[in-house]
Structure formats: C-alpha cells, structure tokens
Amino acid sequence: MKSTTVKLVLTLPVLAVLTACIPSPEDLETTPVKVQTPKGEVTCQLYRQDRVTWDRAINYPATKMTVPEADAYCRQEGQRRLK
C-alpha cells in the first residue's frame with residue numbers, strides 16, 4: 001500500500017505539468033468568419049492555421065442545413081485558408 005501511495009504522489013505532479021502544456025481548442029480560436037453557402041450564411045469558428053479538424057459552425061441556417069453539413073463548410077473554409 002505504501003509503495004502505491006508513493007508512486008501516486010510522484011506521478012501526480014508530472015501529470016499536472018503535462019496537462020498544462022496541452023492547449024485546449026479555446027486557446028487556439030481565431031476571430032469567427034462568415035462563409036456564404038448555397039443554403040445561406042454560416043459563421044465558422046476556425047482554429048489553428050495548420051489544423052482544420054476542430055473547425056466548426058457556430059451559427060448557420062438551421063432550417064436549411066444540419067450541424068454536420070454546416071461544420072463541413074467550415075472545415076472546407078479552413079482547408080481553403082490552409083492553401
């Protein structure tokens with residue numbers, strides 16, 4: 001039991017430091033951009049210039065498109081800006 005406690009006490013600070021080094025998506029947000037689509041305007045939250053996997057829609061015409069469709073427009077915009 002004592003050995004497990006010692007390992008835990010030694011491991012927790014290391015995990016805390018590593019966790020602090022990993023940025024969250026919110027830390028990498030850019031100014032939202034508006035994208036014109038055939039179904040209406042989509043407002044996109046883009047993130048890092050070199051990564052589009054987090055890019056997502058934060059506003060879209062909900063009566064005309066789904067969330068995955070709006071998010072796809074945002075990822076396309078991220079890809080366009082990446083080039």
Side-chain angles (χ1 to χ4, degrees):
M1 181 76 171
K2 187 176 182 180
S3 153
T4 303
T5 304
V6 170
K7 286 180 186 176
L8 183 61
V9 168
L10 294 175
T11 303
L12 285 177
V14 172
L15 289 175
V17 168
L18 290 176
T19 302
C21 293
I22 300 171
S24 70
E26 291 80 21
D27 296 333
L28 304 171
E29 289 179 350
T30 64
T31 303
V33 297
K34 296 183 185 292
V35 177
Q36 297 300 323
T37 75
K39 295 184 179 181
E41 186 176 83
V42 176
T43 304
C44 299
Q45 180 60 69
L46 304 179
Y47 294 89
R48 290 176 44 163
Q49 295 289 335
D50 62 340
R51 181 178 301 170
V52 299
T53 56
W54 289 341
D55 295 349
R56 62 186 176 87
I58 56 175
N59 192 18
Y60 62 95
T63 59
K64 297 180 181 179
M65 70 176 68
T66 63
V67 172
E69 188 177 6
D71 287 346
Y73 281 115
C74 292
R75 283 190 294 280
Q76 286 175 0
E77 178 64 13
Q79 283 287 350
R80 186 187 71 77
R81 290 171 181 241
L82 208 147
K83 294 178 182 179

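Position 1 is the first residue of the sequence, and the numbers go up from there.
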Residue pairs meeting disulfide bond (SG atoms under 2.5 Å apart), one or both in residues 52-83, sequence neighbours left out, come to Cys44-Cys74

Here the salt bridge (Lys or Arg N to Asp or Glu O under 4.0 Å) pairs for residues 54-63, sequence neighbours left out, are none

Of all heavy-atom pairs linking Tyr47 and Trp54, the shortest is CE1-O, 3.1 Å

Tightest non-hydrogen contact, residues Ala57 and Val42, listed as CB-CG1, 3.8 Å

| Between Gln45 and Thr30, is any pair of side-chain heavy atoms under 4.5 Å apart? | yes

side-chain hydrogen bond (donor to acceptor under 3.5 Å, both in side chains) pairs touching residues 74-83, sequence neighbours excluded, are Glu77-Arg80, Glu77-Arg81

List, one per line, each side-chain donor-acceptor pair under 3.5 Å for residues 58-67, sequence neighbours excluded.
from  : atom 1 : to    : atom 2 : distance (Å)
Thr66 : OG1    : Glu69 : N      : 3.2

